[in-house]
Protein chains: 2
Amino acid sequence: MRELFQPSSEQFNLSTILGALGDPIRLRMVKFLAENGENNCSSFDIDLQKSALSHHFKVLRESGLINVRIEGKQRFLSIRTVELESRFPGLLDAIIKNI
Amino acid sequence: MRELFQPSSEQFNLSTILGALGDPIRLRMVKFLAENGENNCSSFDIDLQKSALSHHFKVLRESGLINVRIEGKQRFLSIRTVELESRFPGLLDAIIKNI
DNA sequence: TTAATAGTTCAATAATTATTAAACTATTTT
DNA sequence: AAAATAGTTTAATAATTATTGAACTATTAA
């Protein structure tokens with residue numbers, strides 16, 4: 001499987017990040033990760049095909065919002081809390097508190 | 001001219017608001033209003049036709065981000081700071097500080 | 001009262017994004 | 001080694017959003 005691109009925090013772009021969250025499904029995904037911490041892709045209770053879920057994970061990942069850790073045949077997703085906080089102080093907190 | 005719809009703060013929706021800001025042009029518009037306060041539509045230095053600008057103003061307005069005050073033949077736009085703060089505490093500040 | 005100004009709206013098209021279904025990759029289990 | 005699992009990728013289509021240009025509305029100025 002190919003490398004999964006993840007931007008460095010200097011590459012983060014605010015409107016890209018807001019755009020990624022400007023979708024109810026992706027906002028739900030982030031809310032779930034904020035509440036439950038790192039989880040694999042199958043843990044999300046969202047009624048979409050796996051390829052559509054994968055698409056949304058990709059948008060979140062490429063925006064810089066989530067990290068993907070590969071372990072065996074699973075991918076564990078988590079919010080890039082530290083990098084987001086250092087690049088956009090206070091932003092993620094303000095969003096998560098208001099989801 | 002028809003009524004310009006503006007949602008009440010109870011009607012605000014987080015992903016709609018984030019989606020409205022998830023566009024570089026609209027983020028620029030909000031940044032301009034944040035820095036310069038209320039301004040009319042022609043004050044924005046953005047290279048788009050007036051109908052396209054009007055479209056972006058509409059997205060911002062319908063999301064609840066901006067207020068439109070009609071005065072003569074001009075429309076004065078401003079950020080709905082108070083209502084946004086009461087509905088999503090800390091959110092707008094965190095975004096504006098990071099634009 | 002005609003023309004100019006400041007926008008909005010509409011219809012058509014272009015561009016982007018989302019969804020599906022099938023094929024694919026890598027890993028683990030049997 | 002074969003089959004199952006956990007996803008990703010690709011190609012096609014559907015749906016949404018953006019842009020243009022022209023027509024429109026309301027107000028003000030000549």
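Below, read A as the first sequence line, B as the second, and so on, with proteins coming before strands; counting in each chain starts at 1.
- You'll find the side chain of B:Leu77 stays beyond 4.5 Å of the side chain of B:Leu60, heavy atoms only.
- In the hydrophobic clustering of ILVMFWY residues, with side-chain heavy atoms under 4.5 Å counting as a link, A:Leu27 and B:Leu65 come out together.
- Counting only residues at least two apart or in different chains, ring-ring contact (aromatic ring centres under 6.0 Å, His included) contacts with residues 19-45 of chain B comprise B:Phe32-B:Phe44, B:Phe44-B:Phe57.
- Atom pair B:Phe5:CZ and C:dT8:C1' shows a separation of 17 Å (rounding to whole Å applied).
- You'll find the side chain of B:Leu21 stays beyond 4.5 Å of the side chain of B:Ile99, heavy atoms only.
- Summarising the geometry, the separation between CG on B:Leu77 and P on C:dA6 is reported as 14 Å, rounded to the nearest angstrom.
- Contact check of residues 45-58 of chain B against DNA chain C (heavy atom, cut-off under 4.0 Å) returns B:Lys50, B:Ser51, B:Ser54.
- Look at CD1 on A:Ile70: it is 11 Å from C1' on C:dT27, rounded to the nearest Å.
- Remark: A:Arg75 is not in phosphate contact with C:dA26, judged by side-chain N or O atoms under 4.0 Å from OP1 or OP2.
- In this structure, B:Phe44 atom CZ and C:dA6 atom P are separated by 15 Å, rounded to whole Å.
- Comparing atom distances between the A:Lys73 side chain and each of C:dT28, C:dT9, C:dT5 picks out C:dT28 as nearest.
- Between A:Gln6 atom CD and D:dT8 atom C1' the separation is 14 Å, expressed in whole Å.
- Within the model, atoms CG of B:Asp23 and OG1 of A:Thr16 stand 10.0 Å from one another, a figure rounded to the nearest 0.5 Å.
- For the pair B:Pro7/B:Arg80, a side-chain contact is recorded, criterion being any heavy-atom separation below 4.5 Å from C-beta on.
- Atom CD of B:Glu71 and atom P of C:dA6 are 13 Å apart (whole Å).
- In this structure, A:Ile25 atom CD1 and D:dA15 atom P are separated by 15 Å, rounded to whole Å.
- Annotation: side chain of A:Leu53 is in contact with side chain of A:Met29 (closest heavy-atom distance under 4.5 Å).
- Along DNA chain C, the nucleotide nearest to B:Phe76 and the one nearest to A:Asp23 differ in position, and the one closer to the 5' end is contacted by B:Phe76.
- Note: CG (B:Leu4) to P (D:dT25) measures 15 Å, nearest angstrom.
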